[in-house]
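Worksheet: the structure to be examined is printed underneath.
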Protein chains: 2
Amino acid sequence: MTQTVLPTFINLPLAKQEKIVAAALAEFADKGYQQASINVMVASSGIAKGSMYQYFKDKKGIFLYIFDFAISLVRRTLVQVKETTQEADFFTRLEKSLLAGVEFIRQHPRIYAIYLKILFDQHVPQRPQLLKAVRQFAAEYFQSLVRQGLERGEIRADLPGPVATFLLDALFDRFLQATCVPFFDVTLGLDQAPPEEIEHRVKELIDLLRQGLAS
Amino acid sequence: MTQTVLPTFINLPLAKQEKIVAAALAEFADKGYQQASINVMVASSGIAKGSMYQYFKDKKGIFLYIFDFAISLVRRTLVQVKETTQEADFFTRLEKSLLAGVEFIRQHPRIYAIYLKILFDQHVPQRPQLLKAVRQFAAEYFQSLVRQGLERGEIRADLPGPVATFLLDALFDRFLQATCVPFFDVTLGLDQAPPEEIEHRVKELIDLLRQGLAS
DNA sequence: AATTGTTATGACCAAGTGGTCATATGAGGT
DNA sequence: ACCTCATATGACCACTTGGTCATAACAATT
């Protein structure tokens with residue numbers, strides 16, 4: 001990813017860096033790229049507007065830095081989940097992965113909010129690359145799960161791999177959206193559902209995937 | 001839905017109405033609510049800015065009118081699909097419904113684009129109501145399909161209804177997004193896929209739903 | 001032709017935008 | 001104490017925004 005942070009920012013005391021990152025993250029998460037206001041960012045991080053432009057080349061530079069920050073956090077988390085569930089069977093891995101996703105969003109709601117804002121906004125800078133980076137990462141994760149599931153004979157051998165990956169990706173993403181976007185899910189009411197209900201729904205969903213719909 | 005169209009607009013010759021609606025639809029679809037520019041709308045529909053405010057109370061009024069226009073079109077289409085597939089079996093109905101969705105978006109891409117923009121933008125006026133209107137409508141559609149499938153014994157009797165509905169809703173919505181949002185789907189490459197490939201993928205997906213993943 | 005009521009118009013407004021720049025501040029080295 | 005150089009600052013710029021309003025154009029009725 002093209003870096004547009006200036007060295008001045010890197011030389012800043014860490015506490016100040018964090019304050020600025022937090023302010024920018026919150027603003028982008030709330031408003032999306034175009035609508036996010038640099039005035040708001042500088043006000044809420046307590047620095048002068050001019051200073052912001054000593055740290056970053058322009059608005060795009062701030063955004064890309066925040067995105068890098070966010071995606072590296074996602075990557076680390078996902079790698080960790082993958083490792084700690086290595087030995088479990090396919091469907092247990094799915095379950096644990098989904099719950100880990102729910103937990104990640106609970107801890108970093110603004111990062112997920114930024115992702116959701118990028119999804120359908122054509123005017124985000126470098127959107128194709130950013131989107132591809134995220135989507136590809138998720139797709140590869142599911143691909144590797146499916147591959148292992150096939151090798152171990154835990155899922156049907158005649159399964160069309162890409163379609164299965166697509167299904168998992170779709171379902172997981174939607175489930176996560178449902179847990180954190182109000183008014184989005186009218187069927188299960190997952191937003192504001194207590195953790196034990198979410199766990200129960202996860203189990204039901206995975207079970208449905210396992211067995212299929214047919215009688 | 002609260003109407004904020006002024007009578008002046010209704011009295012306009014139909015051709016002029018359509019021109020204005022088309023311009024507003026295009027602008028909202030491209031930019032979303034906040035970022036959409038009334039200046040652009042009036043320029044591309046060839047009327048004076050002041051005139052726009054003789055037709056609608058304010059920006060919110062324009063948007064809600066466009067939304068009403070859009071959702072009534074969706075409703076009519078969905079009702080029609082439901083009726084024409086009434087006699088088919090559950091999985092055929094799913095297949096036909098999904099393909100109808102793909103076709104609708106092909107014919108009305110801007111309407112779907114507006115829906116996608118509303119999804120994750122907290123600052124759209126009356127978002128809760130608008131979102132609920134759409135989501136509820138979709139959920140009821142799938143609920144009725146599932147109910148009929150159960151009655152006819154085409155799907156497992158022990159199926160947890162809400163979860164099945166959720167799964168269908170998730171999968172269909174994501175499939176539609178994948179067909180029309182570039183860079184979104186890296187697994188199947190559904191954007192720009194020829195119709196026959198899309199049909200094939202639809203069949204595969206429905207099959208997967210039917211049989212499940214387990215070996 | 002005169003009058004009345006409705007519609008069309010675009011210059012104008014305050015507010016907010018991303019971005020700039022001359023100047024002020026401060027720390028380190030001599 | 002003095003100089004140097006990286007950093008901090010906020011007034012300022014051009015531009016766009018949603019929205020207004022006095023005026024003009026027009027249509028219908030008298």
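Each chain gets a letter, A, B and so on, in the order its sequence line appears, and its residues count up from 1. Because only heavy atoms are used, hydrogens play no part in the values below, and waters and symmetry mates are left out as well, while side chains stay in.
- Counting any heavy atom pair closer than 4.0 Å across all strands shown, B:Leu6 reaches no nucleic acid atom.
- The side chain of A:Thr8 sits closest to D:dT7 out of C:dT20, D:dT7, C:dA8.
- Between the C1' atom of D:dG18 and the NZ atom of B:Lys60 lies a distance of 13 Å, rounded to the nearest Å.
- The cationic atom of B:Lys117 (NZ for Lys, CZ for Arg) does not lie both less than 6.0 Å from the six-membered ring centre of B:Tyr33 and within 45° of the ring axis.
- With B:Thr165 contributing its side chain and B:Gly161 its backbone, the two residues share a donor-acceptor pair below 3.5 Å.
- A close approach under 4.0 Å does occur between a side-chain nitrogen or oxygen of B:Lys16 and OP1 or OP2 of C:dA8.
- As a whole-Å value, the separation of A:Asp58 CG from C:dG19 P is 5 Å.
- Summarising the geometry, the separation between NZ on B:Lys59 and P on D:dT20 is reported as 14 Å, rounded to the nearest angstrom.
- Rounded to whole angstrom, the span from the CG atom of B:Asn39 across to the C1' atom of D:dG18 amounts to 8 Å.
- In this structure, B:Gln54 places its CD atom 13 Å from C1' of D:dA25, rounding to the nearest Å.
- In this structure, B:Gln34 places its CD atom 13 Å from P of C:dG16, rounding to the nearest Å.
- Picking from D:dT9, C:dG19, D:dT17 the nucleotide with the shortest atom distance to the side chain of A:Ser51 gives D:dT9.
- B:Ile47 has its CD1 atom 11 Å from the P atom of C:dG10, to the nearest Å.
- Under the 4.5 Å side-chain criterion, counting only non-hydrogen atoms from C-beta, A:Phe142 is in contact with A:Phe172.
- For the residue pair A:Arg127 and A:Leu119, the shortest heavy atom distance occurs at NH2-O, 2.5 Å.
- When heavy atoms are screened at a 4.0 angstrom cut-off, A:Leu12 is found touching the sugar-phosphate backbone but no base atom.
- Of the candidate nucleotides C:dA8, D:dG18, C:dG18, C:dA8 has the atom nearest to the side chain of B:Tyr55.
- Taking the side chain as every heavy atom from C-beta outward, A:Leu190 and A:Phe184 never approach each other to under 4.5 Å.
- Nucleic acid contact class of A:Phe9 (heavy atoms, under 4.0 Å, all strands): none.
- In this structure, NZ of A:Lys49 is placed 11 Å from P of D:dA11, rounded to the nearest angstrom.
- Within the structure, a side-chain polar atom (N or O) of A:Asn11 is placed less than 4.0 Å from OP1 or OP2 of D:dT7.
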